[in-house]
Trainee: 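My questions all concern the structure below.
From a predicted model like this one, the values you see are computed outputs, not experimental measurements. Order of the sequence lines fixes the chain letters, A, B, ..., with proteins taken first and strands second; residue numbering starts at 1 for each chain.
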There are 2 protein chains.
Amino acid sequence: MPKETFYNLSDVKKNKILDAAIDEFAENDYHQANVTGVIEKSGIASGSFYQYFDGKKDLYKYLIGIILKRKLKYLNKEVMNSPEQLNFFDLLRQLYKGGIQFAEENPRLVAIGNNFINSKSKVCIDIREKQKPMSNQYFEKLIKYAIKKGDVKKDIDPAFTAKFLTSVNYALSDFIYAEEGLKENTMVIIDDLINIIESGLKK
Amino acid sequence: MPKETFYNLSDVKKNKILDAAIDEFAENDYHQANVTGVIEKSGIASGSFYQYFDGKKDLYKYLIGIILKRKLKYLNKEVMNSPEQLNFFDLLRQLYKGGIQFAEENPRLVAIGNNFINSKSKVCIDIREKQKPMSNQYFEKLIKYAIKKGDVKKDIDPAFTAKFLTSVNYALSDFIYAEEGLKENTMVIIDDLINIIESGLKK
DNA sequence: TAGTCACATGAAGCTGAATTCACATTCATG
DNA sequence: CATGAATGTGAATTCAGCTTCATGTGACTA
C-alpha cells in the first residue's frame, strides 16, 4: 500500500503519478516495467517515488487493487443487484457486456489486467493467490447453480465450462481492445456469442 | 540460432542442455528465466553456454522454433493431409484434438508456448511478428472458406470468431495442462465443446 | 529569528543477472 | 608422444534497475 505521503499529495500530482504508472504497466509486463519509466513519465524525482511507495511491487499491488475495484463497479451495475433471479444466459450477457464496457472505457487497465492474469511473475502469482475466490470460481458457482436451476444441461463439466467462459470473456476484451473501430458492432457480437454459447449449453 | 559448436555436441549433451532450457523457460517467463538457471540445471560452465548460443535471446528463439515445429507435426497428422474436403467442424475437432494431444504429451512445451503467446516482452513480440501468418490468420481463412462453402452461417464476424476459436483452443490446452487426471474425460470434453460451437455457428 | 516538520531531490550505492576473457583441458592427427 | 585447434571453465566485468541517503526547500509555529 502507498505510504501516507502519497495520499497527502494534491490530486493533480497523485493522478500524474498514477497515470504514469498505468502507462508503464500497460505497455510492459511486470518485469519489463521500470520504476525509472514511471519516474520519468510523471516527472518526479526517483527519491520521491520511494517516499510514496515501498517500491515497485507496492505500486503494482496498488494498481491491481484499483483495477479490480473499478471493474467490479461495472459488473455490479446490472448483476449484483439482481443476484440469482436472472436466467443464467441473461446474467452472462450482462457480465460480458459489463466487461466490454469496462474494456472500452479503460483500455490501459485492461492491458494491465490481461498481463496480470497470465503472468508467471512471482508477484502476480502472489497477488492472484489472495483473490482466487474471484473470477474462475465465481463462474463455476454460477454454472453449478444454473444446472441445479435447470438453465444449463447436466452433462457438462462445470470446471471446464467456467474456464471456457472466462477465457472467452478475455478474448472478447482483447478483441475490443485490439480493434478500435467497432463500437456499434460490439454489442451485436456479444449477443451472437451468447447465442452460440446458449444453444450449446442450455437444457 | 545456436552456433556450430552446439550442433557438434553429442546428442546426450545437447539434450541435457535443451532439457534444462525447457525446464527453465517452462517454469518462468522470459524475463524471470535465467541463463544461470539453464547453466546450473544442465551442469555446463557459463562460458560454454556462450560458446553454444549467442545468449539468452538466441536460446529462446531456438526453443520457440522447436516448439512450433513439434506442434505442427501433431496438427499435420490429420488435417494437412485432408485439406479442404473435411467439414469445417470435423476439421476443427481434429485441430483441437491435435492440440490436446500435443499438450498431454508435451506439457512443458505448452507452458512455454502459452507464455510466449501472451508475453509483452520485446523478444516475444519480435518473434511473433515474424510468424503472424500462423494461428489467428489461419483460423480466419478457414472460417471464411467455411462460410463460402456453406458449413458456417454468414452473419458472424470472421475476425472475432477466429480469435474466439483460438482462445478456446488455448483454454482447452491450459485446462488439460492444469488438471492432470482426466485423460479419459478429455476427448469427451472436446466433443461437447465442438458440439456447442457447432450448434452456434452452423448454417 | 530559530526551530521543526513534511516533502523533494538526484547522485551514489547495491544487487542480481548477462556476458566476457584469460587460462585449462581434450582430442584427433602426424 | 608432440602439436594445436577446438572446446571447456568460472572468476571478473559490465550493466541495468532498484533503492537509499545526505542534503535542500519551503511552510508553519513559537
Trainee: Which nucleotide in the set D:dT7, C:dC7, C:dA8 lies at the smallest distance from any side-chain heavy atom of A:Y52?
Mentor: C:dA8
Trainee: Given atom CG of B:L9 and atom C1' of D:dA6, what is their separation to the nearest angstrom?
Mentor: 12 Å
Trainee: Can you measure A:F53 atom CZ to C:dA8 atom C1' for me and round it to whole angstrom units?
Mentor: 16 Å
Trainee: Distance check needed: D:dT7 P versus B:I17 CD1, whole Å only.
Mentor: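 So the two atoms are 13 Å apart, to the nearest Å.
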Trainee: Of the nucleotides D:dG10, D:dT7, C:dC7, which has the atom closest to the B:T5 side chain?
Mentor: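 Of D:dG10, D:dT7, C:dC7, D:dT7 is nearest to the side chain of B:T5.
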Trainee: Nearest whole angstrom, please: distance from the C1' of D:dG10 to the CD of B:E40.
Mentor: 12 Å
Trainee: Using the rule given for side chain to side chain donor-acceptor pair (under 3.5 Å), can you reason through B:Y74 versus B:N106, listing the C-alpha separation, both sets of side-chain angles and the distance that settles it, and then say yes or no?
Mentor: CA-CA 11 Å; B:Y74 280 79; B:N106 307 277; 3.2 Å; yes
Trainee: Can you check each nucleotide of nucleotides 13-29 of chain D against protein heavy atoms at under 4.0 Å and return B for base, S for sugar-phosphate only, - for none, in 5' to 3' order?
Mentor: ----SSBBB--------
Trainee: What is the distance from NZ of A:K3 to P of C:dA8, rounded to the nearest Å?
Mentor: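 Rounded to whole Å, this separation is 12 Å.
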Trainee: D:dA6 C1' sits how many Å from B:Q51 CD, rounded?
Mentor: 8 Å
Trainee: Checking the side chain of B:R128 only, and the main-chain atoms of B:F116 only, is there a donor and an acceptor separated by less than 3.5 Å?
Mentor: yes
Trainee: Output yes when at least one side-chain N/O atom of A:N8 is less than 4.0 Å from OP1 or OP2 of C:dC7, else no.
Mentor: yes
Trainee: How long is the line joining CZ of B:F6 and C1' of D:dA6, in whole Å?
Mentor: 17 Å
Trainee: Just checking A:K13: base, sugar-phosphate only, or nothing, at a heavy-atom cut-off of under 4.0 Å?
Mentor: sugar-phosphate
Trainee: Do B:Y30 and B:K56 make a side-chain contact, defined as non-hydrogen atoms from C-beta onward lying under 4.5 Å apart?
Mentor: yes
